[in-house]
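Counting from 1, the numbers follow the sequence of the chain as shown.
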Amino acid sequence: AGLKIRQLARPMMRDFAAYAGGTVSIAMPHGFNFIYLETVRTSESAPHIPDVGFSSTLATTAVGRSLLSLYTPEEFADYDAQMGRADAAQWQQWRPHTLAGIEACRARGFSMSLGEWRPEIYAVAAPLYRTPDGDCLAVNCGIPSFRYSPEQIEQECGPPMLNLARRIRALHGWHGGTRAWRGAMDRGDDPGSPRQKIARVRWQECNRARATFKFWAGCVRPCLRLLL
């Protein structure tokens, strides 16, 4: 995520952290793992306090499954094959839960992990977007398990997390020509679907037009000053 987007997202992330009593982070994939790019918390009393640069597995975490939900079928097939080669027995145990978590995320817009990574940590996460370079981003909140029941995580934290993800996507400029992609993401469409591909092209075109306008505005403004 761009530095400016992360800075603008911090107040929203802090509000969610205060609401849920957990740690809110933005992550991207890093091999078989994810890595945190930004982290916000309101308390130091949690059983696990991650920071920027923290890394853990994609397969068993809410944020990991949210990131995997953004993979194209080809990207996930490659990840699936590599995980199987790296540790076939472990992946055979994890794979059904990982696939179910990805499908649930695409269906409702957010994913959960209820003590799968660490028994004392519940987590809820939502996919954000893919950057122009193709990097996947997601936002999550890790919460001490004593604060909520599994049902409360789904009902009281899931929808607000989905809303947080929408607000962060709006910061990224997904409006106007990019509304189709934002709508596709909110519906949980397959990233490799025609609708997603078309929306991604529109988003890139919108960014190019914005950059061109800024360039010419920067050229014309000094000339106007001289004339006036």
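In this structure, the side chain of Arg108 engages the main chain of Phe110 through a donor-acceptor pair within 3.5 Å. Not one N or O on the side chain of Glu156 forms a donor-acceptor pair closer than 3.5 Å with the backbone of Ile153. Ser113 places a side-chain N or O within 3.5 Å of a backbone atom of Thr60 that can act as its donor or acceptor partner.
Inter-residue side-chain proximity for Thr131 and Met28 is flagged as unmet; no heavy-atom pair is nearer than 4.5 Å. Side-chain contact between Leu171 and Met12: present, with at least one pair of heavy atoms (C-beta onward) separated by less than 4.5 Å. Using a 4.5 Å heavy-atom threshold, the side chains of Cys157 and Ile143 count as touching.
Under the side chain to side chain contact (heavy atoms under 4.5 Å, CB included) criterion, His97 pairs with Arg65, Glu116, not counting sequence neighbours. By the side-chain hydrogen bond (donor to acceptor under 3.5 Å, both in side chains) test, Thr57 is found to be paired with no residue, residues two or more places apart in sequence or in another chain being considered. With sequence neighbours left out, the side chain to side chain contact (heavy atoms under 4.5 Å, CB included) criterion links Ala125 to Ala62, Val63, Ser66, Ser111, Asn140. By the salt bridge (Lys or Arg N to Asp or Glu O under 4.0 Å) test, Glu103 is found to be paired with Arg106, residues two or more places apart in sequence or in another chain being considered. With sequence neighbours excluded, the residues forming a ring pair (Phe, Tyr, Trp, His ring centres under 6.0 Å) with Phe34 are Tyr36, listed by chain and number. Not counting sequence neighbours, the partners of Ser149 by the side chain to side chain contact (heavy atoms under 4.5 Å, CB included) test are Glu151, Gln152. For Ser25, the side-chain hydrogen bond (donor to acceptor under 3.5 Å, both in side chains) partners two or more places apart in sequence, or in a different chain, are Thr39. Asp87 pairs by the side chain to side chain contact (heavy atoms under 4.5 Å, CB included) definition with Ala89, Gln90, not counting sequence neighbours. For Trp91, the ring pair (Phe, Tyr, Trp, His ring centres under 6.0 Å) criterion is met by Tyr79, not counting sequence neighbours.
Between Ala17 and Arg41 the shortest heavy-atom distance is CB-CA, 4.3 Å. The minimum heavy-atom distance between Arg147 and Ala20, with the atom names listed, is CD-O, 3.7 Å. Minimum interatomic distance between Val139 and Ala165 (heavy atoms only, all atoms of both residues): CG1-CB, 4.2 Å. Here the closest heavy-atom approach between residue Pro29 and residue Cys136 is recorded as CD-O, 3.1 Å. For the pair Leu114 and Pro150, the tightest heavy-atom approach, listed with the atom from each and the gap, is CD1-CB, 3.6 Å.
The line from CZ of Phe16 to CZ of Arg167 is 11.0 Å long, rounded to the nearest 0.5 Å. Rounding to the nearest 0.5 Å places OG1 of Thr61 at 12.5 Å from CD1 of Ile121. Interatomic distance, Phe54 CZ to Asn33 CG, rounded to the nearest 0.5 Å: 9.0 Å.
The one candidate from Asn163, Leu128, Leu137 that meets the side-chain contact (heavy atoms from CB on, under 4.5 Å) condition with Ile168 is Leu128.
Legend: salt bridge (Lys or Arg N to Asp or Glu O under 4.0 Å) pairs involving residues 132-144, not counting sequence neighbours: none detected. Sorted by first and then second residue, the salt bridge (Lys or Arg N to Asp or Glu O under 4.0 Å) pairs involving residues 88-101 (not counting sequence neighbours) are Asp80-Arg95. Residue pairs meeting the side-chain hydrogen bond (donor to acceptor under 3.5 Å, both in side chains) criterion with at least one partner in residues 9-20, sequence neighbours excluded, are Arg10-Glu38.
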- Item | Pair Leu58-Tyr71, side-chain contact (heavy atoms from CB on, under 4.5 Å): steps then yes or no | CA-CA 12 Å; Leu58 292 168; Tyr71 279 29; 3.9 Å; yes
- Task: In sequence, state the C-alpha distance, the side-chain angles, and the governing distance for Ile26 and Met13, and then conclude on side-chain contact (heavy atoms from CB on, under 4.5 Å).
- Result: CA-CA 9 Å; Ile26 292 176; Met13 295 166 65; 3.9 Å; yes
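In the hydrophobic clustering of ILVMFWY residues, with side-chain heavy atoms under 4.5 Å counting as a link, Leu37 and Val52 come out apart.
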